[in-house]
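Below is one structure; the comments refer to it alone.
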There are 2 protein chains.
Amino acid sequence: MGRKRKNGEANETMVLDETEGVSSEELVQRIIQAAGHTSQSLGIGRVTGQIYAHVYFSIEPQSLDDLTKGLGISKGSASMGVRQLEQWGGLEKIWVKGDRKDYYRSRDTFGKIIKNAIVDLIGKRMEISSALLGDVEKELSASGKKNADLTEEQEFVRQKLRGILDFQKKSETIWDGFIVKMLK
Amino acid sequence: MGRKRKNGEANETMVLDETEGVSSEELVQRIIQAAGHTSQSLGIGRVTGQIYAHVYFSIEPQSLDDLTKGLGISKGSASMGVRQLEQWGGLEKIWVKGDRKDYYRSRDTFGKIIKNAIVDLIGKRMEISSALLGDVEKELSASGKKNADLTEEQEFVRQKLRGILDFQKKSETIWDGFIVKMLK
DNA sequence: TGCTACGTTCAAAACGAATTGAACGCTGAA
DNA sequence: TTCAGCGTTCAATTCGTTTTGAACGTAGCA
């Protein structure tokens, strides 16, 4: 790797030298990029994954400053990302006495972290949809009692709704199972 | 949320009159909104869910024109949404002889539809991340053979990487199980 | 007390994804 | 053949989300 060595900068090209091995520093840089890509495509945001990967592959606990320098992100982004990851149990804060900075180290209970993130993000979103359908279900049963005989259209809607509601119940069961397995 | 207001469709507030029933038309409109919300929060896009819901609750097969009018979306959006839903098996095209329009009716195999959508969207995204990690794994084992003794840092990275790769394998298994269940 | 180094906040900017709609090609009818 | 009506495309635009960075509050220290 007769490449530039200095600060972990200039990792844009990602060109691999097939004949030679890759330094672990380069490897880590690539994984950080990959983590950013992954977290972004999961709707969590790019920096979140990058921050976690950076800390995960750092022997020493990392400060906000280390993150802004190491990842080239702003102090604001670092602050927010770190807090989110802390809430999900991905990072834990380390107090170093005599040092006013906050330091973070990673926790490697991936399952729990992801479960927390999923519940936090997807779960909240699903709840809203669920609630909306729940309202509809109430309307449905209420109108069912009032009108013994429905128009053809009403009956059609009724039947279609039933189909959705049934599927929703089934989905929730599967989803819960998924979460449980992830947690283990 | 702030959406384009068409002709006095005053269904924005979603306030329910507790004492009276709700017309099935209103109910359907609300479900269409909910479907849009759901599909959007799943990263599929708002119109996709709206289109499917609209067709699902229509007795007659629906044309692109019906969709643009009924949902207040552009012809382009309708065309693209319909095609995507067709690919996922959510809609099927109906030929009406003597009519040059394409008509669509919904299929109600929710599980299959969602499975196709998930595989198409999430799967593709995961593949990229997987591939990146796969590359890394290769590098890892390659460098492992060359250097019998590693620096402390290299060994650290190595160990951390192993943790991720293990988790990845486990995740894939769970994920596959999830897909299978959804399909049933 | 004033000073410095830190983390947090949030309005604004940058960014990217969704949506539009005019232009286009195609097809069937006349 | 031309024409009208249809679906498709994609550059431009709109819209929502993410990121920035200056301003701010706070805590430790002399």
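The figures that follow rest on heavy atoms only: side chains count, while hydrogens, waters and symmetry mates do not. Every chain is numbered from 1 and lettered A, B, ... according to where its sequence line falls, protein lines coming before strand lines.
Residues passing the salt bridge (charged side-chain N to carboxylate O under 4.0 Å, His left out) test with A:Arg100: none are found, sequence neighbours excluded. In this view, B:Thr109 and B:Arg107, B:Lys112, B:Ile113 satisfy the side-chain contact (heavy atoms from CB on, under 4.5 Å) rule, not counting sequence neighbours. The salt bridge (charged side-chain N to carboxylate O under 4.0 Å, His left out) test applied to A:Lys138 returns no partner, not counting sequence neighbours.
Across residues 78-98 of chain B, B:Ser79, B:Met80, B:Arg83 each have a non-hydrogen atom less than 4.0 Å from an atom of DNA chain D (numbered order). A heavy atom closer than 4.0 Å to some atom of DNA chain D occurs in A:Arg46, A:Val47, these being the qualifying members of residues 38-63 of chain A.
Residue A:Val96 shares its hydrophobic cluster (ILVMFWY side chains chained together at separations under 4.5 Å) with A:Ile94, A:Tyr103. Counting Ile, Leu, Val, Met, Phe, Trp and Tyr side chains that sit under 4.5 Å apart, directly or through other members, B:Leu183 stands alone, with no cluster partners.
Between B:Phe110 and A:Phe167, the ring planes lie tilted relative to each other; the angle falls in the 30° to 60° range. Between B:Trp175 and A:Phe178, the ring planes are perpendicular. Angles over 60° get that label, and only those under 30° would be called parallel.
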Can you give me the N/O atom pairs linking the protein to nucleotides 22-28 of chain C at distances under 3.5 Å, or say none if there are none?
{"from": "C:dT27", "atom 1": "O2", "to": "B:Arg100", "atom 2": "NH2", "distance (Å)": "3.2"}

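Counting only residues at least two apart or in different chains, salt bridge (charged side-chain N to carboxylate O under 4.0 Å, His left out) contacts with residues 162-172 of chain A comprise A:Glu137-A:Arg162, A:Glu137-A:Lys169.
The distance between atom CG of A:Asp66 and atom P of C:dC6, rounded to the nearest whole Å, is 11 Å. The separation between A:Ile73 atom CD1 and D:dT18 atom C1' is 12 Å, rounded to whole Å. The distance from atom CG of A:Asp102 to atom C1' of D:dT26 is 12 Å, rounded to the nearest whole Å. Atom-to-atom, CG of A:Asp99 to P of C:dC6 comes out at 7 Å; the value is rounded to the nearest Å. Taking atom CG of B:Leu71 as the reference point, atom C1' of C:dT19 lies 14 Å away to the nearest angstrom.
Contact check, B:Ser74 against C:dT20: a side-chain N or O comes under 4.0 Å of OP1 or OP2.
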Per-pair distances, 0.1 Å, donor-acceptor, side chain in residues 77-85 of chain B, under 3.5 Å, sequence neighbours excluded:
none

Could you list the donor-acceptor pairs under 3.5 angstrom formed between side-chain atoms of residues 35-45 of chain A and any protein atom two or more places apart in sequence or on another chain?
{"from": "A:Thr38", "atom 1": "OG1", "to": "A:Ala34", "atom 2": "O", "distance (Å)": "2.9"}
{"from": "A:Thr38", "atom 1": "OG1", "to": "B:Ser129", "atom 2": "OG", "distance (Å)": "2.8"}
{"from": "A:Ser39", "atom 1": "OG", "to": "A:Ala35", "atom 2": "O", "distance (Å)": "3.1"}
{"from": "A:Ser39", "atom 1": "OG", "to": "A:Gly36", "atom 2": "O", "distance (Å)": "3.1"}
{"from": "A:Ser39", "atom 1": "OG", "to": "A:Gly45", "atom 2": "O", "distance (Å)": "2.8"}
{"from": "A:Ser39", "atom 1": "OG", "to": "A:Arg46", "atom 2": "O", "distance (Å)": "3.4"}
{"from": "A:Ser39", "atom 1": "OG", "to": "A:Gly49", "atom 2": "N", "distance (Å)": "3.3"}
{"from": "A:Ser41", "atom 1": "OG", "to": "A:His37", "atom 2": "O", "distance (Å)": "3.4"}
{"from": "A:Ser41", "atom 1": "OG", "to": "A:Thr38", "atom 2": "O", "distance (Å)": "3.0"}

Show which side-chain atoms of residues 58-67 of chain B pair as donor or acceptor with protein atoms under 3.5 Å away, not counting sequence neighbours.
{"from": "B:Ser58", "atom 1": "OG", "to": "B:His54", "atom 2": "O", "distance (Å)": "2.6"}
{"from": "B:Gln62", "atom 1": "OE1", "to": "B:His54", "atom 2": "NE2", "distance (Å)": "2.9"}
{"from": "B:Gln62", "atom 1": "NE2", "to": "B:Glu60", "atom 2": "O", "distance (Å)": "3.0"}
{"from": "B:Ser63", "atom 1": "OG", "to": "B:Asp65", "atom 2": "N", "distance (Å)": "3.4"}
{"from": "B:Ser63", "atom 1": "OG", "to": "B:Asp66", "atom 2": "N", "distance (Å)": "3.1"}
{"from": "B:Ser63", "atom 1": "OG", "to": "B:Asp66", "atom 2": "OD2", "distance (Å)": "3.1"}
{"from": "B:Asp65", "atom 1": "OD2", "to": "B:Lys69", "atom 2": "NZ", "distance (Å)": "2.8"}
{"from": "B:Asp66", "atom 1": "OD2", "to": "B:Ser63", "atom 2": "N", "distance (Å)": "2.9"}

